[in-house]
Amino acid sequence: MNFRNSALSTLRHGVSTVALLTAVAAPAYAQDMAAPQVADTAAEPAAQDPQAAAEPAAPEPADQSAPIVVTGTLFRNSNASSISPVTVLSSETLLRANITTAQDAIRSVSADSAGSISTGFRNGFSAGGAAVSLRGLGVSSTVVLIDGLRSANFPLNDDGHNAYVDLNSIPFSIVDRIEVLKDGASSTYGADAIGGVVNLISKKNVQGIEGSVQGGTTEHGDGARYRATLTAGFGDYQEKGFNFYVNGEYTYDGYITNNSRGYPFNTLDLSPSGLLDRNRNDDNLTTPNPQAVVTRVTQSDLNNPLAGQVGAPLTNQYQLLNPNACPYGTFTVNTAAAQGTGCKHNIPDEYSIIQPKQQRYSTTARLTARLSDNLEMFASGSYSHSEVSIMGTPSGIRQTQPFGGSAALASSSPGIVLPMYICASGQNCATAADRRLNPNNPYAVAGADPSRSAARIFYLFGDIPAGSFRYVDVFRTTAGISGDLGSGFKFRLNGVYARDNFAVTQRGFINIQGLLNAINTGSYNFVNPEQNTAAVRNQISPERTTPSYSTVATIGGSLLKSVMSLPGGDLNVGAGFQIRRETLMNRNQNADLSYYALNTSSAQGRQTVTAGFFEIDAPFLKTVDLNVSGRYDHYSQGYSHFSPKVGVKFNPLEEVAFRATYSQGFRAPTFAEYNPASSYSGFSSYTPIPSFVAAHPGNPAYSGTYNIGSGATGNPDILPENSQSITIGTMLRPTRWFNVTVDYYNIKKSNLIVSGPLRADAIKAYYGQTTAAAGCAALAAVGPGYACNVIDAPDPVNPNALPRLLVFNVPYVNANYQVSSGIDMQATANIRFSDNVRLVSRVDVTRVLRLDLVTPAGVVQKYAGTLGPYELSSGGGTPRIRGNWQNALEVGKFSLTATTYYVGRIKQVAADEISPDPITKQIDLSCSHTLAPIASAADAEKFCYIRPFIYVDLNAGVKVNDQFRFFVNVQNLTNARAPLASGAYTSNPNYLSSWHYAGLVGRNFSAGANFSF
């Protein structure tokens, strides 16, 4: 598609996606004003302006005590601050759009792309967290700062190894504005600033009392949201030389279930849409349901329920334990392989949620004081608590062994059974004095052979609620001092300490020994599960709480000087240092391997980073400004990295400017990636190939999509990722009321740290064979570090066919490189029709030209505009176009704002799920490889694309007087429905929560008030 035509088409339809706009990449400096310097944020060299540089053009009124904070440079100088593309989300823009969380604000920026994590993502390692992925380079390649200073990373890594700052744990009501630097910035911030930097800048001066209250719900009556904030401050910095304020805020969001949103987001059966029915819970006897089905098999060890018969059962008869307990009706199977009746179920409709329940509260205090005419200080402290409750699908009784455990622990291989006899001790029941026939086993009849009367069981523990409760407490304190040393020298010295205390309580996971004991003693009632006591359920599934933590401590400083005057302004020189200490203890939730399916990933480590940095800003001419910066980082693991950056700005006319940057950067290996004490296991969806399905006739369970696990441990020899980045752009301001910026970006990230880059080839190699031994040999031949870990039990219907691959080992390696390129366009129009009437219009659009991953074999995996990268746990794909268009009309004390969001169409193919041609090494991304569950190849084109998604938020406010402002908000005004994404993960049935979340929630109403005294 031609970019120009598609962009024009987008604008003609009145769209542009993600949240807000604001100052558009150009005048980041238009947010700043010549205010007295207030010490703030200098440990990370972005934050406060160090020098009295040139005044910005046409400054807007600002808080006179606020510090000048410009992300990406040591200097306030307007030339330096506008060389790199920066999007500024002002408090005014946030208020107009009714943005009330850091997640909503940051993820609204159109540069946020593949790999970002929304709160609606309730699966995987980071369920309940939220993170930004600028340029689609991953959450660990974007630095998130608060007032220019780092905070502790979330103790759980995304996909087991990608570190990030949780946006949900950041207090938001004290945020004055957000600056998003969309350029490589390792020369200023060090590691991880490859995709860019997000800097949330706090209010610095609050006098009196101000606050807000808000409440609302969806038109379905669920997903309730309540919010309250209160800030009290005193002291006028300008007149009295100090200001102190205390803030508190509370937010609550309620559950939204898949059931409430209906078809197609509550089912795997897409036959009404002309696609396949993938729901096996209403037609397959061996797919587990909350009403147990059994079949008779042998048992080789009568003391061990895991010693059931290998292969096909003794009979093709399957029996429903309680035919009268089917709440949604029954189904009947009558084939040569299986005959019997089961209960119908639609598991996503009954158990899945779209939005978890969340509760957040925080308090912050800040003191700013002028110690003398040339010396200033600040100190702040904050505490935030964020908790998330997630409901999930009940656990099945048939499970693979815990990751790293003995294969003998698997309840799926050969298959857990109910014995003929039970007794109080659960041991040697066949000969025990108190033995009795097992009421859960219909084949337990007097006189039968116990070794041939076991019941293989297929069951979901529907009476045991599944899910998790997780919370994080974030403690953060900062302090700093800055001033003028005379002779043109200025300094600042700042520090920060932050700690995230995290705990997750898992519910519904099955304790192996508790289950075996309950089976052998008969304490658990499989016939009527609702009659089980809380004690019995707790025996089988006790809650497991695992605490973890992360910390960061940083001290840094800088010395700045205006060396001399040049034709375009002062030659500014700055240099500084930083020392940062980071620790992580992400504990293994299943360290004793006592639970089925419970995550065994863990990460730990500690490191010290020392760094020195510099920046030179030289406006050689009135029309030319050159900026050079660099930073040297040394890690206690033994490696070092120097990151340079050069930027230039050319202003041939007052209305026109051109800018360009070149930078090199790096991403340091996370603790999970380099520490051998760390390990992770992850799962991704896989659809069996036709030959495998054909080898398993009569068993539909082997034709559907299932999850394959892979595991890796930290590699101490892993090296940092490196990056090269360029931006080229123009800034146009033909009038005082209109400006537009257009920037091209290109980032190459090499030495990419990946786990299992040949994962697809390994899976293909296994399924290209006919036996498990041959399959595992072929998988291992793919490359060093690849090996089978867990193979499924033989198919009971086709015991001689190739079993499913369940888990295999993969290595961490520096292998691939990645290229991300695209075009950003931002524009702002501020039109005043009269003294009381004004229209503010803002547009923010990003077009992704490339997001390519190049494997060691030279294969190019192209993700832009597709569901790739599919192996990420967030699995949301890469929209080629995202944007938003905000229009605010102000008439006197009344304001009306409409914000339109746009996400372009997505092709339902994924390069990381397709093996390349062995000769050309090309990957066929045609619709023939669609991930949609098509009924026939003829349907591939019809269901190949996820349609574009457009929705509008409307916010109206009226300022009653200087103390009160009331507002009403309607999100998703037209109740736009999320498009059908049939190729999405089955855990998020038929939708992409990263991009279409508003279409799942539906129309949402809220009202509230802002007040100040």
Side-chain angles (χ1 to χ4, degrees), residues 1 13 15 17-18 114 118 120-123 218-220 256-282 346-350 352-355 685 687 704-705 863 865-868 870 872 874-882 901-910 913 925-952 972 974-1003:
M1 179 185 293
H13 286 83
V15 281
T17 82
V18 235
S118 68
F121 176 61
R122 53 178 176 75
N123 303 292
T218 73
E219 69 173 20
H220 294 269
I256 297 177
T257 66
N258 290 67
N259 169 274
S260 67
R261 295 309 183 260
Y263 184 86
F265 310 122
N266 66 335
T267 183
L268 298 179
D269 179 5
L270 293 179
S271 55
S273 298
L275 292 162
L276 288 178
D277 176 2
R278 293 183 291 177
N279 180 18
R280 299 282 73 83
N281 292 89
D282 64 358
N346 179 0
I347 297 301
D349 185 74
E350 297 169 40
S352 295
I353 61 171
I354 289 172
Q355 176 174 291
S685 297
T687 301
T705 300
Y863 298 144
T866 76
L867 281 178
Y870 200 72
L872 294 178
S874 52
T878 308
R880 193 174 285 278
I881 299 177
R882 290 186 71 214
Y901 301 93
Y902 176 81
V903 180
R905 75 173 187 170
I906 299 174
K907 193 173 187 178
Q908 297 197 96
V909 297
E913 293 294 299
L925 290 177
S926 69
C927 293
S928 63
H929 289 285
T930 179
L931 293 169
I934 55 177
S936 69
D939 294 331
E941 291 287 342
K942 179 180 179 181
F943 296 104
C944 192
Y945 289 92
I946 302 169
R947 64 172 172 81
F949 178 55
I950 308 171
Y951 70 98
V952 179
N972 196 351
T974 61
N975 201 28
R977 197 159 168 81
L980 174 65
S982 57
Y985 285 171
T986 54
S987 54
N988 290 332
N990 309 311
Y991 61 85
L992 301 176
S993 60
S994 292
W995 314 124
H996 305 147
Y997 194 64
L1000 297 168
V1001 175
R1003 190 180 289 116

Look only at the side chain of Lys907 and the backbone of Leu925, and say whether a donor-acceptor pair between them is shorter than 3.5 Å.
yes

Quick one: closest heavy-atom pair of Ala932 and Ser982, and the distance?
CB-OG, 3.2 Å

Closest heavy-atom pair and its distance - Gly876, Trp995:
O-NE1, 2.8 Å

For the pair Asn279 (side chain) and Thr267 (backbone), establish whether a donor and an acceptor sit closer than 3.5 Å, ignoring hydrogens and angles.
no

Which pair of non-hydrogen atoms, one from Ile946 and one from Ala981, has the smallest distance, and what is that distance?
CD1-CB, 3.5 Å

Go through the steps for Tyr263 and Ser273 under the test side chain to side chain contact (heavy atoms under 4.5 Å, CB included), then give the verdict.
CA-CA 10 Å; Tyr263 184 86; Ser273 298; 2.6 Å; yes

Are the side chain of Thr866 and the backbone of Thr878 linked by a donor-acceptor contact shorter than 3.5 Å?
no

Within a strict 4.5 Å, meaning less than it, do heavy atoms of the Arg977 and Pro264 side chains meet?
yes

Residue of the set Tyr901, Tyr951, Tyr997 for which side-chain contact (heavy atoms from CB on, under 4.5 Å) holds with Asn972
Tyr951

Once rounded to the nearest 0.5 Å, what's the spacing between atom CG of Asp349 and atom CZ of Phe265?
13.5 Å

Given Ile934 and Leu275, is the side chain to side chain contact (heavy atoms under 4.5 Å, CB included) satisfied, shown in steps?
CA-CA 5 Å; Ile934 55 177; Leu275 292 162; 4.0 Å; yes

Rounded to the nearest 0.5 Å, what separates atom OG1 in Thr257 from atom CD1 in Ile354?
7.0 Å

Check step by step if side chain to side chain contact (heavy atoms under 4.5 Å, CB included) holds for Leu992 and Ile906.
CA-CA 10 Å; Leu992 301 176; Ile906 299 174; 3.8 Å; yes

Rounded distance [0.5 Å steps], CD in Gln355 versus OG1 in Thr218:
9.0 Å

Between atom CG of Asn266 and atom CG of Asn990, what is the distance when rounded to the nearest 0.5 Å?
9.0 Å

Output the distance between atom CG (Asp939) and atom SG (Cys927), rounded to the nearest 0.5 Å.
12.0 Å

How close do Cys944 and Thr930 get, heavy atom to heavy atom, and via which atoms?
CA-OG1, 4.2 Å

Of all the heavy-atom pairs spanning Pro989 and Asn258, show the shortest one and how long it is.
CG-ND2, 3.8 Å

Which atoms form the tightest heavy-atom contact between Asn988 and Ser993, and what is the distance?
ND2-OG, 4.2 Å

Leu268 side, atom CG; Ile347 side, atom CD1 - distance, nearest 0.5 Å:
9.5 Å

Do Ile256 and Leu1000 come within less than 4.5 Å of each other through their side chains, counting heavy atoms only?
no

Whether Gln908 side chain and Phe943 backbone form a donor-acceptor pair below 3.5 Å
yes

Donor-acceptor pair, side chain of Tyr863 and main chain of Tyr870, under 3.5 angstrom:
no

Tell me if a side-chain donor or acceptor on Arg261 pairs with a main-chain N or O of Val1001 at a distance below 3.5 Å.
yes

